[in-house]
Each structure stands twice: as C-alpha cells, then as structure tokens.
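Take a look at the structure set out below.
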Amino acid sequence: MNEPILLKRHQIDDDAWNALIDASLHAVVYAKSWYLDCVSPHWQALVVVDSALDSVPQSFSSPDYRVVMPLPVRKKWGMSVVQQPLYCQYLGMFSKEEVSEAELAHFLKILDLHFSYISVYDFHPAQTCPLRKLLPGYSDFEAQEKATHWLYPKTSYAELASNYSADRHRNLKKSRKYDWELVESKDIEPLILLFQENHAAQIQGVKESAYGLLRNLTQLLQRKKVATIHYARRQGTLHAGTMVLENGGMGIYIFNAADDIGRKGNARTFLLDRYFQNIAGQLKTFDFESPEVGSIAQFYESFGAKQQVFLSIKKNKLPFPFRQLQNWRKGWLTST
C-alpha cells in the first residue's frame, strides 16, 4: 500500500473526492467536500492514490483516490489542530472496499506524525473493531467510546412499526389526540427558536455562532436537495420540528426541538412516525445522531433502533508552554 499523503484543501480535486465518497462502502454526507467546506473551511485530508508519488504536488488532482481520510483542521495558537466540527458526527476513512487493519495503521501513523494536537476526532462506526485492536499501540492517542443509534428502514412501514416498543405505540396513540398537522417547510428559524427557548439552557457551551453555522449549512443542504424540515402544528402554532438529511441511502436526524406542548403531545414521535411512513423501503440506514444522554437513547431505541459504537481519539503533545496552558484551561473550566 502507498503511504497516505497529507493534502491541504486547495490540493484536493472535488470531483474525484466526491466520486469516491459516493462510491464508498460506508458513505456519509459529512465527508462530502462541500459539506466540509461549510463546517470546517480549512480541512485537510490524508489520501492514498493508486499511482506512486515522489512528493506532494502544489496542485494535486487525480481520479485515482483509493482511500481518503478527511481531517477537520483549524488554526489554534498558530498551529494546525484537528477538531471535530459541529454538525459532523463522525468521519474516518472512506474507500470502495473495506479498509484493512494494515491500511488503518498506516493512516494512524501519518496522522500521529503530522499533528501534535487533536482536540477530538471521531471515526465512522465501521472502523470501531479494527481501531480497538490498533489504538493501544499508539500511546499518544487517548481513545473514548461513543455511541449513536441506527434504524434500518429498508423494509415496509408495517414491519418498522412492529419493532416499536409498547411504550412508543402508546405515545403515538396519545399524539393522535392532539390532532397534529404535519407542515413541510424551508424555514429553519422556527426550529432554531424552539431549540433556543426549550433546550439550549440544558446544554453547556452552546454559542451563538452554532446557530449561524446551522443557518448557513441548512441553506447549502437545501440547495443540494439533501435536507427536509418538518413541523408539528396545532391550532396555528408550531410546537416541534425536525430536520433530516438524506444522501446516498442514509438518513440523518441532525436537528430537532419541541416546546412543553410538543413534548406532552408526543409531537416528535408523531413527526418521526410520519417520516418513517414516507421513507419506508427507501433508505438503507437512519442515524438518530444520539447524544450521550440515556433518556434520549432510550427514546430512539423505542423505535427499534440499535446502538452503534464509534471511537473518538484525542492527542495533546503540544510544545511548552502551550500544553501547560491548555491543561490549565481544562482544569479551570472543570472547576467553574
């Protein structure tokens, strides 16, 4: 196998890149070049090509990308650091064939060589098993297990609904008493407002910039015909909303919110159930994008979703005094 090459954004050929992502065994929209441009404008990539190269060219364009690993890079303390961006649950390695342990080991070695600080980098669930074997051999990487929940809706709605829990069926029945009206919309603002007023206070560190990024990303996704927004309306008022991405046979439950009436009336159960009615038999996978909250995981499991573990890595080999300052900052944030 050829050694992975580190490429800057301007050296990456978009057509070749996106063609490989689309054809990848575990394709996901987060890895598309235009998606990364929005959430991490200075992203780089580790790339393996079929033809050997003696050095990294100034302008690299090739139809022969074989394995790629997008790296969300940003400048911090004057250095390039890797940091998983918002609205991008996981990345990892993408190839038309299953990535081998040997290939993954090559990528980890080059990643370790080029970056002294990795705030967080999350790998695709498909790479969990080989990473569990390999990461103990990299002492500078700190690994953590995370989880999301996947549903497999490539079946009839009747079969999907048969996997709902008894509690989910009861709550779906309760939702019908509220006479929810399903509203499809292009407007993300009511959904953002529902989130700000009903959820933001319970989540630490939500910045105003996160909403600006979501607005920009939504506009981009709608131009690409990837995003759909639905609201549950009752007596003229919107009480809950969801935004779902669909690309390459995969659906992603990327953003949702509900107010008190929406929660009491099981509006999100209503919205998800109606969505599954509409897409049953069309998607291979639906990712609930689960946060690390037990009650929310149970909610997603009640639709028949199964837990999918993915691995996250960190690394802090900053030179003096940056490492000491970073450790102090973490300690200060923990104590406040």
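Q277 and D273 are linked by a side-chain donor-acceptor pair at a separation below 3.5 angstrom, with hydrogens and angles left out of the test. Checked by atom type, the side-chain pair S80/K75 shows a donor-acceptor distance below 3.5 Å. Using modelled atom types, one finds no donor on one side chain facing an acceptor on the other under 3.5 Å when comparing S40 with R74.
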**OP:** Dump the intermediate steps for side chain to side chain contact (heavy atoms under 4.5 Å, CB included) on H106 and V48, then the final yes or no.
**Re:** CA-CA 10 Å; H106 276 291; V48 168; over 6 Å; no
Subject >> Pair W34-K224, side chain to side chain contact (heavy atoms under 4.5 Å, CB included): steps then yes or no >> reply: CA-CA 10 Å; W34 49 265; K224 298 287 185 179; 3.7 Å; yes
**OP:** Carefully, step by step, assess K317 and D112 under the rule salt bridge (Lys or Arg N to Asp or Glu O under 4.0 Å).
**Re:** CA-CA 10 Å; K317 282 294 179 179; D112 193 21; over 6 Å; no
**OP:** Could you walk me through whether L7 and I5 pass the side chain to side chain contact (heavy atoms under 4.5 Å, CB included) test, one step at a time?
**Re:** CA-CA 6 Å; L7 299 180; I5 304 163; 3.8 Å; yes
Original post:
Can you check side chain to side chain contact (heavy atoms under 4.5 Å, CB included) on R215 and I192, steps first, answer last?
Top reply: CA-CA 9 Å; R215 291 182 179 99; I192 290 176; 3.7 Å; yes
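Cluster annotation: L283 and I229 are assigned to distinct hydrophobic clusters (Ile/Leu/Val/Met/Phe/Trp/Tyr, side-chain heavy-atom contacts under 4.5 Å, transitive). Under a hydrophobic clustering in which Ile, Leu, Val, Met, Phe, Trp and Tyr are joined whenever their side-chain heavy atoms come within less than 4.5 Å, directly or via other members, V68 and F115 fall into the same cluster. One hydrophobic cluster, built from ILVMFWY side chains closer than 4.5 Å, cannot hold both L272 and L238; they sit in different ones. Under a hydrophobic clustering in which Ile, Leu, Val, Met, Phe, Trp and Tyr are joined whenever their side-chain heavy atoms come within less than 4.5 Å, directly or via other members, L86 and F123 fall into the same cluster. Hydrophobic clustering (side-chain heavy atoms under 4.5 Å, transitive across Ile, Leu, Val, Met, Phe, Trp, Tyr) keeps L193 apart from V183.
Remark: side-chain polar atoms of Q222 are paired, donor with acceptor, to backbone N or O of K186 under 3.5 angstrom. Although no hydrogens or angles enter the test, the distance criterion places no donor-acceptor pair under 3.5 Å between the side chain of D259 and the main chain of N198. At distances below 3.5 Å, at least one donor-acceptor pair connects side-chain atoms of Q84 with backbone N or O atoms of C88. With hydrogens and angles disregarded, a donor-acceptor distance shorter than 3.5 Å links the side chain of H169 to the backbone of A161. A donor-acceptor pair is defined here as one N or O able to donate and one able to accept, closer than 3.5 Å; such a pair exists between the side chain of Q11 and the backbone of K8.
The number of heavy atoms from other shown groups lying within 6.0 Å of NE2 (H199) is above 12.
Going from atom OH of Y65 over to atom CD1 of I12 covers 6.0 Å, rounded to the nearest 0.5 Å. To the nearest 0.5 angstrom, T285 atom OG1 is 5.5 Å from W150 atom CH2. To the nearest 0.5 Å, atom CG of residue L71 and atom CD1 of residue I110 are 11.5 Å apart. Taking CG of L245 as the start and CD1 of I254 as the end, the distance is 4.5 Å to the nearest 0.5 Å. Taking CD of E103 as the reference point, atom CD of E97 lies at 8.0 Å (rounded to 0.5 Å). If you take CG on L214 and CE on M243, they are separated by 5.0 Å, rounding to the nearest 0.5 Å.
Partners of K109 by salt bridge (Lys or Arg N to Asp or Glu O under 4.0 Å), not counting sequence neighbours, listed by chain and number: E3. Shown here are the side-chain hydrogen bond (donor to acceptor under 3.5 Å, both in side chains) partners of Q282, two or more places apart in sequence or in another chain: there are none.
Between Y90 and Y30, the ring planes are perpendicular. Angles over 60° get that label, and only those under 30° would be called parallel. Under the 30°/60° scheme for interplanar angles, the aromatic rings of Y178 and W180 are found to lie parallel. Taking the six-membered ring where the residue is Trp, F276 and F286 present perpendicular rings, their angle passing 60° and hence far from 30°.
Salt-bridge annotation for K32 and D14: absent, with no side-chain N of the basic residue lying under 4.0 Å from a carboxylate O of the acidic one. Under a 4.0 Å N-O distance rule, the pair E181/R233 qualifies as a salt bridge.
Here the side chains of N2 and R66 are not in contact, with every heavy-atom distance at 4.5 Å or above. Q235 is not listed as a side-chain neighbour of D179, based on a closest heavy-atom distance of 4.5 Å or more. Looking at heavy atoms from C-beta onward, V99 lies out of side-chain contact with F94 at the 4.5 angstrom threshold. In this structure, Y211 and V206 have side chains that are in contact, with non-hydrogen atoms separated by less than 4.5 Å. Looking only at side-chain heavy atoms (C-beta outward), Y300 and L151 stay at 4.5 Å or farther from each other. In this structure, the side chains of V309 and P125 stay at 4.5 Å or more apart for every pair of heavy atoms. At least one side-chain heavy atom of C38 sits under 4.5 Å from a side-chain heavy atom of L213. When side chains are defined from C-beta on, T269 counts as touching F299, because their heavy atoms get closer than 4.5 Å.
Annotation for P70 and A31: closest pair CG-CB, 4.3 Å, computed over non-hydrogen atoms. Here the shortest heavy-atom pairing between Q127 and G92 reads OE1-CA, 3.5 Å. Taking all atoms of both residues into account, the shortest heavy-atom contact from L191 to A257 is CD1-N, 3.7 Å. Closest of all the heavy-atom pairs between A258 and R268 is CB-NE, 3.5 Å. When all heavy atoms of L194 and G241 are compared, the pair lying nearest together is CD1-N, 4.1 Å. Taking every heavy atom of both residues into account, A232 and F270 meet most closely at CB-CD2, 4.1 Å.
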